[in-house]
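Values below: all heavy atoms of this structure, side chains included; hydrogens, waters and symmetry mates excluded. A note on names: the letters A, B, ... follow the listed sequences, proteins ahead of strands, and every chain is numbered from 1.
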Amino acid sequence: DAGVTQSPTHLIKTRGQHVTLRCSPISGHKSVSWYQQVLGQGPQFIFQYYEKEERGRGNFPDRFSARQFPNYSSELNVNALLLGDSALYLCASSLTRDRYSGANVLTFGAGSRLTVL
Amino acid sequence: AQKITQTQPGMFVQEKEAVTLDCTYDTSDPSYGLFWYKQPSSGEMIFLIYQGSYDQQNATEGRYSLNFQKARKSANLVISASQLGDSAMYFCAMSPMNTGNQFYFGTGTSLTVIP
């Protein structure tokens, strides 16, 4: 089975532009999450979608938006790009849920590396 | 507030030796999951091991084990018999139940295995 796939793998944009990143979850996974990883830091939570509804949002400005489609794939959109948006954007999908802790194991894609000039 | 702390920016270990990567966490949620991920230079986060907050026994997965000390709020990763392919960044993460499936990650530890 294919893992989590993300596209594009690398892209370069200039300040003020808009970017769309795409993610296809593992077949059967209905939850998709987006994380931003700035160089030298751990990933930071941006969004979680489950069954096409937003279930969580991290501390990111409204320039960041996302959606999930009927086939559970997802898009992350970032408007009015800033230099600080340069990062690795990771998509993760999940299925299993521990009934005591409620925690799901996230399976990550290889990421989309965004450079803003 | 939820927080994960990894105090070792970089670690070195001799091939075939064991190494412990430290992780402490802070949460007021009684139910949570603790995770370790490996991130090679390619960028993909690879799941290694999981521990639920109510698990009585420490988790083990092959050469990986998680030393879970709930009272101390620590979840250290032990890698036995280190291999050259273990050289990577290692991230500790926590997912409290009251935040849905949001993961909080530490800043990571860079592990280098020396031949």
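- Put simply, the side chain of Thr107(A) does not reach to within 4.5 Å of the side chain of Ser94(A), judged on heavy atoms.
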Apply side chain to side chain contact (heavy atoms under 4.5 Å, CB included) to the pair Leu21(B) and Trp36(B), showing each step before the final yes or no. CA-CA 10 Å; Leu21(B) 306 184; Trp36(B) 278 90; 3.8 Å; yes
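- Heavy atoms of Gln6(B) lying under 4.5 Å from chain A are absent altogether.
- Most heavy-atom pairs under 4.5 Å with chain B, from the set Gly58(A), Pro43(A), Gly109(A): that is Pro43(A).
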Please step through side chain to side chain contact (heavy atoms under 4.5 Å, CB included) for the pair Leu66(B) and Val78(B), ending with a clear verdict. CA-CA 6 Å; Leu66(B) 200 153; Val78(B) 181; over 6 Å; no
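- Against chain B, the residues from residues 31-39 of chain A that qualify, each with a non-hydrogen atom under 4.5 angstrom away, are Tyr35(A), Gln37(A) in number order.
- Judged by distance alone, with hydrogens and angles left aside, the side-chain atoms of Tyr90(B) form a donor-acceptor pair with the main-chain N or O of Asp86(B) at under 3.5 Å.
- A salt bridge is defined here as a Lys NZ or Arg NE, NH1 or NH2 lying under 4.0 Å from an Asp or Glu carboxylate O, and Lys70(B) with Asp55(B) fails to meet this definition.
- The six-membered or imidazole ring of Tyr37(B) lies near that of Phe108(A), with a centre-to-centre distance under 6.0 Å.
- Note on Val116(A): it clusters hydrophobically with Phe64(A), by side-chain heavy-atom contacts below 4.5 Å among ILVMFWY residues.
- Within the structure, the salt bridge (Lys or Arg N to Asp or Glu O under 4.0 Å) test picks out the following pairs touching residues 24-52 of chain B (sequence neighbours left out): Asp26(B)-Lys73(B).
- Contacts between residues 66-90 of chain A and chain B, counted as heavy-atom pairs separated by less than 4.5 Å, involve Leu88(A), Leu90(A).
- Annotation: maximal heavy-atom pairing with chain A below 4.5 Å, among Gly43(B), Ser42(B), Cys92(B), occurs at Gly43(B).
- Side-chain atoms of Arg55(A) do not come within 3.5 Å of backbone N or O of Gln48(A) as any donor-acceptor pair.
- The ring of Phe35(B) has its center closer than 6.0 angstrom to the ring center of Tyr50(B).
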Anything under 3.5 Å between a donor and an acceptor, one on a side chain of residues 103-115 of chain B, the other on a protein residue two or more places apart or in another chain? List them.
{"unit_1": "Tyr104(B)", "atom_1": "OH", "unit_2": "Gln102(B)", "atom_2": "NE2", "d": "3.3"}
{"unit_1": "Thr109(B)", "atom_1": "OG1", "unit_2": "Gln8(B)", "atom_2": "O", "d": "2.7"}

